[in-house]
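First up is the structure itself, then whatever we jot down about it.
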Protein chains: 2
Amino acid sequence: MANSLTMKLEQFIRFEQLDRQRLDRLLSFPTKTFARGDVIIEEGKEVRNIHLLLTGLAARAKVLADGRRQIMAFLVPGDLCDVEVFVLRAMDHNIVAMTDTTCVLIPAEVIEGLLTESSNITKALWWGTMVDSGILREWIIDHGRRGAREQIAHMFYEMLIRHRIVGETTDDSFSFPITQDDLADATGLTPPHVNKTLQELRAAGLIEFKNKVLTVLDAQRLRNAANYESGYLHLNRTEKGDHEVSERAGDLVSAAKQSMLGRAVHNVTSAIKHSR
Amino acid sequence: MANSLTMKLEQFIRFEQLDRQRLDRLLSFPTKTFARGDVIIEEGKEVRNIHLLLTGLAARAKVLADGRRQIMAFLVPGDLCDVEVFVLRAMDHNIVAMTDTTCVLIPAEVIEGLLTESSNITKALWWGTMVDSGILREWIIDHGRRGAREQIAHMFYEMLIRHRIVGETTDDSFSFPITQDDLADATGLTPPHVNKTLQELRAAGLIEFKNKVLTVLDAQRLRNAANYESGYLHLNRTEKGDHEVSERAGDLVSAAKQSMLGRAVHNVTSAIKHSR
DNA sequence: CGTTGACTTGACGGAAGTCAAAAGGTGTGG
DNA sequence: CCACACCTTTTGACTTCCGTCAAGTCAACG
């Protein structure tokens, strides 16, 4: 399996071979698997290892005293779960597994070492957190000023792009293992209304969503339905041409597969897959 | 005038005299004033100076193609407007003045110098951006899972705390110079509904809000009405009225870590310098 | 004054919530 | 291989919160 962290960061800056090796080395740290519903990192917990999501889907979520739940972000392969650890005393929200997931647990010192060794990696990681903030702001717009259809379309389109970046799509189709209840918690809507809205999107021929697989049938029209405005993801290298993203992503996949570490990780993850 | 940046950051860590002087020196850079409605920093613009808000109130906002506007954050004295400049090519949103404001324009190199000189300041600034993310996430909860009254109460309570931190309150009363239209754009509601909700809050004896001054009459009950859960502001030292948190910011990161971080930031910032 | 910007009010409509209950899937055990 | 349990999805009737679109008030100000 490719190093999706590298693929993601290379949307910002093209690494030299040495930096790429440094990033590959991260994947050799012990992994931990979680089942759907597991809390990967708990609110209030003090974390020592940085969690890098390798496979699956996770979410940042918070549950209010009366049981209402809000998902505030999705984490896809290549995303770091808890960079705040360097500075903050504790997590202010939970990271939960939306499906079976795998994380690499990287000791904080190792990341710190990276930061001192490579200014490009430092900048790239910093870029990652800035992009995360941009996504949070965009979600606020979603919740505040977009209707249900627009909002769900926007979320789907964003997930499409983010999955493309890390090479997790085939023909605008990707694994998106969430229930409609989860989607309701992410959008701030209710499950029945999510259901109706999904049916509208399906009827409009924009998407297909079954068996936990989301297929975007017409990316351009989905983008329009979402009133999507690119820019907040700060994909320096490309974005507008959605196709460009996927092409490049494909290159990176094959490149990464050639590295020994890449293949080692591939072994691990496929073993996990088969053990289900 | 007090240095509100210092006051804010000291919620995280207690500075030595030298660091405090370093921060004070920032205030001697040229200031710029803006009138209500002015765009302080424009979306897409490449910024060279870091804007530190000294007086007034500003907001992060985005306007959609059809005119809908969403405010995604408020900036109070002591807040930095554009730390993303170090990494990102351009702003992905506007900073607008909600009232007459004053900013100090600090050359990016000066901030970079600070980062290399003082690891405590580095950590504190980093903390600031992490807190900003926490606030964004909390706003998503506001929009997604809180009703109008709850949401406005929450926003008011948060603003109360943030103004207290920088010494901008007297008896839970502070200047909050926004119109109900602005409030609507921040909450995702409509002006008439904001109006009705405000009247409810007033009738309940929770607040007073006139002449651009917000007075919290009963902080505890406002807090309850908001279903406020502390923690996301990460006020290590105190959150008056909240449960005290042990003061141990210094323990968070070891001395070794500090120098590592310092060097890391030095790397990245000098790299940025040269890439310009 | 008259104009402007902000706040207030009300009638009406519509998008989304609530609360069931039924209908599909899927996996497990008998 | 069926049967049952369990989870998800779907459906529908009914409610409510909030939006829409005015019109109207008020205070500040030129």
Side-chain angles (χ1 to χ4, degrees), chain A residues 35-38 57 64 66-71 97-100 142-155 175-203 207-214 225 227 275-276, chain B residues 35-38 57 64 66-71 96-100 142-155 175-203 207-214 225:
Chain A
R36 173 188 156 78
D38 282 359
L57 183 76
L64 300 184
D66 57 7
R68 287 176 292 182
R69 187 175 78 138
Q70 177 70 43
I71 289 175
M98 307 305 284
T99 182
D100 295 352
D142 282 338
H143 285 79
R145 290 300 184 213
R146 289 194 237 256
R149 188 169 344 174
E150 209 178 347
Q151 187 180 358
I152 292 183
H154 196 277
M155 166 166 302
S175 164
F176 194 42
I178 62 172
T179 67
Q180 293 185 4
D181 280 39
D182 296 329
L183 197 47
D185 284 337
T187 54
L189 302 167
T190 50
H193 202 250
V194 165
N195 184 280
K196 279 168 198 165
T197 310
L198 281 180
Q199 290 182 47
E200 287 176 22
L201 292 176
R202 280 192 272 246
I207 58 148
E208 209 171 81
F209 187 27
K210 61 181 175 193
N211 298 326
K212 311 294 182 205
V213 171
L214 178 63
N227 270 113
S275 68
R276 283 190 200 147
Chain B
R36 170 184 159 81
D38 281 359
L57 183 76
L64 299 184
D66 57 7
R68 287 175 293 182
R69 187 175 78 135
Q70 176 70 44
I71 289 175
V96 297
M98 307 306 285
T99 183
D100 295 352
D142 283 338
H143 286 79
R145 290 296 183 215
R146 290 194 237 255
R149 186 171 345 176
E150 209 179 346
Q151 187 180 358
I152 292 183
H154 196 276
M155 167 166 301
S175 163
F176 194 43
I178 62 172
T179 67
Q180 293 184 4
D181 281 38
D182 296 329
L183 198 47
D185 283 339
T187 54
L189 301 167
T190 51
H193 202 249
V194 165
N195 184 283
K196 278 167 199 165
T197 310
L198 281 179
Q199 291 182 46
E200 287 176 22
L201 291 176
R202 279 193 272 247
I207 57 149
E208 210 172 81
F209 187 26
K210 61 182 174 192
N211 299 326
K212 311 293 184 205
V213 171
L214 179 62

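So that the names make sense, note that chain A is the first sequence line, chain B the second, and so on, each numbered from 1.
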(message) I'd like to check B/Lys212 versus B/Thr179 (side-chain heavy atoms, cut-off strictly below 4.5 Å). Are they in contact?
(response) yes
(request) Provide, to the nearest angstrom, the distance between the CG atom belonging to B/Leu189 and the P atom belonging to C/dA16. (result) 14 Å
(request) For A/Ala184 and A/Pro191, work out which heavy atoms get closest and say how close. (result) CB-N, 3.6 Å
Restricting to nitrogen or oxygen on both sides, can you table the protein-nucleotides 4-10 of chain C pairs closer than 3.5 Å?
from, atom 1, to, atom 2, distance (Å)
C/dC7, OP2, B/Gln180, N, 2.8
C/dT8, OP1, B/Arg202, NH2, 3.4
C/dT8, OP2, B/Gln180, NE2, 2.6
C/dT8, OP2, B/Asn195, ND2, 2.5
C/dT8, OP2, B/Arg202, NH2, 3.4
C/dT8, O5', B/Asn195, ND2, 3.1
C/dT9, OP2, B/Gln199, OE1, 2.7
C/dT9, OP2, B/Gln199, NE2, 2.8

(request) Quick one: list whatever passes salt bridge (charged side-chain N to carboxylate O under 4.0 Å, His left out) with A/Arg145, sequence neighbours left out. (result) B/Asp185
(request) Remember a base hit wins even if backbone is also touched, and classify B/Gly188 as base, sugar-phosphate or nothing at under 4.0 Å, heavy atoms. (result) sugar-phosphate
(message) Can you pull out the residues from residues 143-151 of chain A that lie within a 4.0 Å heavy-atom distance of DNA chain D?
(response) none
(message) Would you say A/Asn211 places a side-chain N or O within less than 4.0 Å of OP1 or OP2 belonging to C/dG25?
(response) no
(request) Using atom types as modelled and distance alone, determine if a side-chain donor or acceptor of B/Gln151 lies under 3.5 Å from a backbone N or O of B/Thr187. (result) yes
(request) Any chance you could encode DNA chain D as dot-bracket? Rule is Watson-Crick or G-U wobble with both distances under 3.5 Å; [ ] for pairs crossing earlier ones, | for another strand. (result) ||||||||||||||||..||||||||||||
(message) Do B/Ile71 and B/Met98 make a side-chain contact, defined as non-hydrogen atoms from C-beta onward lying under 4.5 Å apart?
(response) yes
(message) Whether the side chain of B/Asn211 engages the backbone of B/Val213 through a donor-acceptor N/O pair (distance < 3.5 Å, no angle test) should be reported.
(response) no
(request) Apply salt bridge (charged side-chain N to carboxylate O under 4.0 Å, His left out) to A/Asp142 and list each qualifying residue two or more places apart in sequence or on a separate chain. (result) A/Arg146
(request) Apply side-chain contact (heavy atoms from CB on, under 4.5 Å) to A/Gln199 and list each qualifying residue two or more places apart in sequence or on a separate chain. (result) A/Asn195, A/Arg202
(request) Please report the closest heavy-atom contact between A/Leu198 and A/Gln180, naming both atoms and the distance. (result) CD1-NE2, 3.6 Å
(request) Let me know the distance between CD1 of A/Ile152 and C1' of D/dT9, rounded to the nearest Å. (result) 14 Å
(message) What I'd like to find out is whether the side chain of A/Thr190 reaches to under 4.5 Å of the side chain of A/Lys196, using heavy atoms alone.
(response) no
